[in-house]
Amino acid sequence: MENKTETTPEPKNFVREIIDEHIRIQRFDKHIHTRFPPEPNGYLHIGHAKSICLNFGIARDYNGKCNLRFDDTNPSKEEVEYVDSIKEDVRWLGFQWDSELYASDYFEQLYEYAVQLIKKGKAFVCDLTGDEIRKYRGTLTEPGKESPYRNRSVHENLQLFQQMREGKFPDGTKTLRAKIDMNSPNINLRDPVMYRILRATHHRTGDAWCIYPMYDYAHGQSDSIEKITHSICTLEFEDHRPLYEWFIKELGIFLPQQIEFARLNLSYTMMSKRRLLQLVEEKIVNSWDDPRMPTISGFRRRGYTPESIREFAERIGVAKRDNTIDVALLENCLRDDLNKHAPRMMAVLKPLKVIIDNYPDNQVEELDAVNNPEDENAGSRKIPFSKTLYIEQDDFKEIPPPKYFRLTPGNEVRLRYAYIIKCESIVKNDRGEVVEIHCTYDKDTKSGTGTSQKKVKGTIHWVSASQAIDAEVRLYDRLFTVENPSGDDWKKYLNPNSLEVLTNCKLEPHLANAKIQERFQFERLGYFSVDYDSTKEKLVFNRTVTLKDTWAKIEKK
RNA sequence: UGCCCUGUAGCGUAAUGGCUAUCGCACUUGACUCUGGAUCAAGGAAUUUCAGGUUCGAAUCCUGACAGGGCAGCCA
């Protein structure tokens with residue numbers, strides 16, 4: 001776990017205020033103990049990252065502990081693949097849990113607790129079907145009706161519950177229910193189901209059980225068993241808190257404090273786990289870790305740093321009101337981090353050939369290039385310069401728009417770390433497209449020599465043709481075209497141009513040794529990282545994020 | 001229409017009854033620049049949802065309205 005420096009003020013939010021107050025009044029005598037409780041039924045997304053940073057961050061700052069507990073009470077949806085990915089993602093974010101636990105670790109204890117509640121007359125076996133339970137529950141505005149099975153004797157309930165466990169009844173034919181209040185205005189208190197009969201192989205307990213506890217019954221007791229002091233969850237569980245506390249109080253066991261906060265919403269992003277699954281299953285994206293996915297593994301593959309995501313989680317704060325964070329804030333956190341740490345390189349994504357007519361035919365110069373102007377220790381490297389180069393197609397315009405500072409016929413521009421060149425003539429193909437530019441260079445303008453006072457407005461990047469290495473570059477854009485892609489027709493907001501694959505990119509030779517996941521800034525273009533698909537023979541880069549582009553903004557106007 | 005929660009610049013967020021309502025992102029302008037990047041400087045933007053009340057003093061406390069969100073799985 002990373003260390004907090006003295007210069008970072010502790011983030012203040014209402015959750016920490018509650019904890020501070022609990023410490024002041026000594027509500028919990030020992031340490032602060034939180035937990036991150038994912039259900040292993042999907043991959044973690046950026047919204048989970050908020051929760052992870054909250055829970056682990058509190059444990060870190062209060063010298064407490066944080067468990068990783070899998071809420072694995074529904075074997076029909078859960079898989080080890082998800083367990084593994086979740087662990088990897090939490091670790092990658094930079095956190096280490098104190099204990100790795102599973103709600104299924106407590107199945108026996110939970111069963112015992114249920115027996116206790118039956119003995120107290122607080123739970124009963126119900127024979128109502130799913131449909132009937134729904135009808136008996138009433139509605140938001142009408143009270144419910146008591147189940148006809150509600151008044152079975154303790155003895156009968158004990159026997160039936162044991163038989164449920166033993167597999168005497170088919171799936172769905174009986175439930176164990178808490179006996180609370182069918183008239184409660186809080187629907188969660190209308191005799192909620194505690195156990196259902198479900199024959200499914202559990203990823204950890206196999207076929208040992210055919211009854212499984214419901215979330216409401218399992219979660220609080222799991223917290224209690226682990227002596228979690230602060231059980232932090234999202235807003236939709238607010239109405240469940242009375243039930244959470246009811247079970248624990250009836251059982252007479254340790255009572256944690258549940259605190260609810262507002263989940264993260266991100267603009268141009270969809271966070272529904274179910275729909276994310278759909279994107280993967282319907283092959284709208286390539287995988288859970290497709291760089292367009294808002295999953296942690298997607299961000300990782302795209303080239304995001306864990307530091308930037310942690311910083312993001314801190315900057316967005318924690319509160320109870322619904323919120324939508326501008327995805328630009330996330331990108332800002334990323335650029336902040338990458339700007340300081342990513343080495344700069346030259347890469348031409350859409351090449352246009354430039355020939356320096358007055359440059360000696362077979363000469364190759366090795367020019368000095370700074371690796372990172374933001375980091376003195378990053379040093380410098382040599383890049384080859386020769387008569388034939390590639391520049392970016394966008395960096396030449398035959399008919400320049402206003403305020404265009406790049407190469408145009410008869411005009412000069414600086415080649416980064418090299419010379420000032422002047423466009424003398426252009427060559428077009430049959431279709432009238434510019435395919436080659438002839439220039440002359442001014443040899444007194446070599447970078448770093450200071451022999452010429454000549455100033456030009458524009459500086460462009462380039463790559464020497466004969467030394468350039470080839471690569472594929474994948475350009476990603478937002479997955480959705482609207483800020484809030486919700487509703488049943490959310491798929492019509494998918495961005496058809498969310499991925500553009502460029503196969504003819506030219507990179508400076510230094511990049512030949514780039515390792516998978518390594519991050520670079522391609523000067524003037526953005527930050528790029530090496531994709532998992534990359535090999536020595538065929539380099540593949542992902543565009544993680546563009547640089548801020550003032551020109552693009554001007555162009556739009 | 002029952003219960004619960006939430007309303008502070010475009011988006012987030014701070015204020016804990018006391019100066020002119022904080023900070024970040026976004027936006028605008030300027031400086032600088034061999035990345036139209038980074039950096040620096042400046043600026044616009046909030047009658048704190050509304051209406052009453054308590055108080056010398058209210059974003060904050062009270063009452064009422066209005067608006068938004070959540071809840072009727074044998075999902076979590």
Side-chain angles (χ1 to χ4, degrees), chain A residues 11-13 17 37-39 41 71-74 76-78 126 128-130 133-135 137-144 171-177 184-190 192-198 211-212 214-216 218-219 233-242 260 262 267 273-274 315-333 335-336 339-340 344 346 370 372-374 403-406 413-418 420 445 447-448 455-461 483 521-526 546-555:
Chain A
K12 207 172 178 197
N13 57 52
E17 273 172 23
E39 185 191 9
N41 69 342
D71 237 326
D72 55 350
T73 55
N74 185 0
S76 62
K77 290 186 179 167
E78 297 150 5
C126 184
L128 255 26
T129 64
I133 286 184
R134 181 154 28 84
K135 289 196 182 103
R137 187 156 35 223
T139 67
L140 295 175
T141 50
E142 303 160 77
D171 284 9
T173 53
K174 281 182 170 46
T175 55
L176 183 73
R177 295 226 257 160
S184 174
N186 182 343
I187 289 177
N188 295 123
L189 264 19
R190 318 240 262 232
V193 172
M194 294 164 60
Y195 274 91
R196 75 284 215 184
I197 304 173
L198 176 63
I211 58 171
Y212 290 95
M214 300 289 290
Y215 165 86
D216 280 312
H219 196 87
C233 61
T234 42
L235 250 27
E236 68 269 28
F237 294 106
E238 211 153 20
D239 288 343
H240 294 238
R241 183 161 17 105
E260 311 85 12
S267 61
K273 243 181 171 182
R274 207 188 84 238
R315 285 208 227 167
I316 59 178
V318 180
K320 293 192 76 157
R321 68 183 96 129
D322 291 329
N323 61 84
T324 303
I325 286 26
D326 191 342
V327 70
L329 178 61
L330 214 210
E331 294 177 344
N332 180 77
C333 293
R335 290 194 190 102
D336 255 15
N339 177 46
K340 291 182 204 107
R344 275 94 284 195
M346 298 241 265
V370 173
N372 188 346
E374 305 293 320
K403 291 190 185 169
Y404 187 81
F405 301 154
R406 284 111 96 149
V413 76
R414 173 171 287 284
L415 294 177
R416 177 93 158 139
Y417 296 126
I420 290 176
T445 59
S447 289
K455 291 264 184 220
V456 286
K457 197 83 171 151
T459 299
I460 64 174
H461 61 276
E483 275 193 44
Q521 182 195 105
F522 290 174
E523 294 222 21
R524 303 209 305 133
L525 296 173
T546 61
L547 250 24
K548 267 202 215 163
D549 192 347
T550 311
W551 170 244
K553 213 177 273 179
I554 295 169
E555 234 182 351

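Both backbone and side-chain heavy atoms feed into the values below; hydrogens, waters and symmetry mates do not. Treat the numbers as computed from the prediction; the structure is a model and nothing was measured. Below, read A as the first sequence line, B as the second, and so on, with proteins coming before strands; counting in each chain starts at 1.
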Review point. Cut-off 3.5 Å, side chains only: do A:E39 and A:N41 have a donor facing an acceptor?
Key: yes

Practice item. Please determine if a side-chain N or O atom of A:R321 lies less than 4.0 Å away from the OP1 or OP2 oxygen of B:G12. Key: no

Check your understanding: Is a side-chain donor or acceptor of A:R414 paired with a backbone partner of A:A418 at a separation under 3.5 angstrom?
Key -> yes

Check your understanding: Looking at A:E238 and A:K320, does any basic side-chain N land under 4.0 Å from a carboxylate oxygen?
Key -> yes

Under-3.5 Å N/O pairs linking protein and nucleotides 40-48 of chain B:
none

Exercise for review: Determine: side-chain N/O of A:R524 to OP1/OP2 of B:G36, distance under 4.0 Å, yes or no.
Suggested key: yes

**Study point:** Nucleotide nearest A:I133 when distance is taken to its side chain, options B:G2, B:G37, B:C74
**Key:** B:C74

Point to revise | All stems with RNA chain B, defined as three or more consecutive Watson-Crick or G-U pairs under 3.5 Å | key: B:2-7 with B:66-71, B:10-12 with B:23-25, B:27-31 with B:39-43, B:49-53 with B:61-65

Check your understanding: Side-chain contact, heavy-atom cut-off 4.5 Å: A:M194 with A:M214?
Key -> no

Study note, to complete from the structure: Here the distance between atom P of B:A38 and atom CZ of A:R416, to the nearest Å, is 13 Å

Exercise for review: Measure the distance from CZ on A:R177 to C1' on B:G73 and round it to the nearest whole Å.
Suggested key: 13 Å

Point to revise | Contacts of type side-chain hydrogen bond (donor to acceptor under 3.5 Å, both in side chains), residue A:E236, not counting sequence neighbours | key: A:T234, A:R263

